[in-house]
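See structure below.
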Number of protein chains: 2
Amino acid sequence: MQTRRYHHGDLRAALLTRAEQTLREKGPGALSLRELARDLGVSHAAPSRHFKDKQALLDALALAGFERLDEALAASRKAAGETFADRLGGLVRAYVDFAVANAELLDLMYTVKHDPAASEALITAAQRLGATAVELVAEGQRSGEVREGPVDDIGMPVFTTLHGFASFAVSSVLSAEEVESGLDAVIAYMVRGCAPS
Amino acid sequence: MQTRRYHHGDLRAALLTRAEQTLREKGPGALSLRELARDLGVSHAAPSRHFKDKQALLDALALAGFERLDEALAASRKAAGETFADRLGGLVRAYVDFAVANAELLDLMYTVKHDPAASEALITAAQRLGATAVELVAEGQRSGEVREGPVDDIGMPVFTTLHGFASFAVSSVLSAEEVESGLDAVIAYMVRGCAPS
DNA sequence: ACCTGAACACCGTTCAAGT
DNA sequence: ACCTGAACACCGTTCAAGT
């Protein structure tokens with residue numbers, strides 16, 4: 001029989017890791033602080049030392065998701081080709097890949113928080129993600145591949161399409177096959193929406 | 001003191017109405033079957049006669065939401081102008097108006113259900129909504145205002161943008177002012193995405 | 001600083017029994 | 001057919017107390 005250490009070491013990180021695993025495997029409804037504590041061999045009151053309530057843990061989970069998505073998009077940008085269309089296509093594929101691989105997490109990331117103060121960091125994170133799309137559009141404007149005009153007037157709709165497509169992929173409105181076969185059509189439509197007249 | 005009737009009359013409808021009210025006023029976290037029953041002056045076990053569990057009530061709520069959104073879009077179609085751009089603009093405005101006026105409900109409508117069988121009706125409802133967008137695009141193709149090609153290759157991205165924009169409006173990624181001021185840019189981008197080359 | 005154990009006020013769900 | 005009341009097995013949160 002193993003001795004149970006009094007100190008866990010890094011309970012906060014362990015809670016987040018385990019919570020994401022549960023979210024992925026059993027869905028958001030199965031996430032309970034008490035079960036998390038049980039799984040980690042800690043009392044049911046211990047999590048409250050690290051997260052003031054359940055929502056705080058969910059917010060931290062969502063924030064980590066935004067950070068990972070940010071990294072995935074940044075990585076795809078380096079790997080992408082030369083033309084605006086290629087680079088935009090790479091962005092869309094990276095976003096959709098993340099969405100499909102982390103469906104429950106993406107859902108959590110964009111779940112409405114009615115407490116406006118608590119969700120400020122999450123809204124900021126989402127907006128930073130949008131800035132990535134806007135930057136790509138700005139590059140396209142400089143190279144003449146994207147029409148002129150206020151960059152937000154083009155970048156915001158692009159980000160909107162990106163998010164909508166990923167959202168449909170996650171919510172099963174589009175099947176896995178439809179997502180795969182629809183990717184090129186969506187990218188072509190986005191490029192046209194950006195193109196100079 | 002009023003006599004409490006043994007039979008409620010139409011408890012099912014009363015539960016749905018009250019549930020939507022609670023959803024709107026206090027958010028999804030505050031929705032409890034027991035509190036609903038208390039509010040309606042009925043025992044806590046009574047709801048189970050009408051909804052097999054809590055998820056079944058949420059599904060019924062979401063389905064009713066899809067029906068009302070369908071009606072709102074159909075109504076906007078009749079009121080819209082002659083050109084494709086006008087008609088598409090009317091569709092976007094109607095969708096966004098519904099989203100803003102029913103934020104919590106829209107969120108519920110698109111919340112991922114991990115039980116694939118239970119959510120079949122909801123996925124079908126969402127796809128029927130998409131069909132409205134696709135029909136509009138098909139009309140545009142017949143009148144020559146939309147480029148040729150498989151109608152889904154244009155209609156699906158249009159529906160995707162529509163949904164993404166509404167989703168951002170609901171999740172506070174875009175503020176109310178940004179939604180209002182961004183509408184025209186989104187519509188212009190969508191029209192360009194559809195236009196003949 | 002970090003965790004435990006008990007307590008409180010809730011849940012959803014089920015099921016015999018009532019009308 | 002529809003609802004009640006009691007029971008069961010869970011929750012999240014708080015707080016004195018322990019190490």
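Since the model is a prediction, treat every value here as computed from it, not as a measurement. Chain identifiers are assigned alphabetically (A, B, ...) following the order of the sequence lines, protein sequences preceding nucleic acid strands; residue numbering begins at 1 within each chain.
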Closest approach of [X] and [Y], non-hydrogen atoms and distance?
| X | Y | value |
| --- | --- | --- |
| A/V134 | A/M156 | CG2-N, 4.4 Å |
| A/L63 | A/A125 | CD1-CB, 4.1 Å |
| A/Q141 | A/I154 | NE2-CD1, 3.7 Å |

Can you tell me the distance, in whole Å, between the [atom1] atom of [X] and the [atom2] atom of [N]?
| X | N | atom1 | atom2 | value |
| --- | --- | --- | --- | --- |
| B/L11 | D/dA1 | CG | C1' | 13 Å |
| A/L15 | D/dG12 | CG | C1' | 14 Å |
| B/L33 | C/dT14 | CG | P | 11 Å |
| A/L58 | D/dC11 | CG | P | 15 Å |
| A/H50 | D/dT14 | NE2 | P | 16 Å |
| B/Q55 | C/dC11 | CD | P | 18 Å |

Side-chain ion pair, B/R87 and B/E145, N-O less than 4.0 Å |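 So B/R87 does not pair with B/E145 through a salt bridge.
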side-chain N/O [X] vs [N] OP1/OP2, d < 4.0 Å:
| X | N | result |
| --- | --- | --- |
| B/H44 | C/dC10 | no |
| B/S43 | D/dG5 | no |
| B/S48 | C/dG12 | no |

Tell me the partner of C/dA1, counting only Watson-Crick (N1-N3 plus N6-O4 or O6-N4) or G-U wobble (N1-O2 and O6-N3) with both under 3.5 Å; none if nothing fits.
->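 Pair assignment: C/dA1 / D/dT19.
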Base-pairing mate for C/dT13 - Watson-Crick or G-U, with both contacts under 3.5 Å =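 D/dA7 - that is the nucleotide pairing with C/dT13, both distances being under 3.5 Å.
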Out of [options], which nucleotide sits closest to the side chain of [X]?
| X | options | result |
| --- | --- | --- |
| A/A45 | D/dT13, C/dT4, D/dC11 | C/dT4 |
| A/K54 | D/dT14, D/dT13, C/dG12 | D/dT13 |
| A/R34 | D/dC3, D/dT13, D/dT4 | D/dT13 |

Of A/A46 and B/R38, the one whose closest DNA chain C nucleotide lies more 5' |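 The answer here is A/A46.
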Can you find a side-chain donor-acceptor pair between A/Y189 and B/T160 that sits under 3.5 Å?
->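 Side chains of A/Y189 and B/T160: no pair found under 3.5 Å.
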Start at the 5' end of DNA chain D and walk down; is the nucleotide closest to A/D53 or to A/R49 reached first?
->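 Of the two residues, A/D53 wins.
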Toward the 5' end of DNA chain D, by each residue's nearest nucleotide, A/K52 or A/E35 =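 Taking each residue's closest nucleotide, the earlier one in sequence belongs to A/E35.
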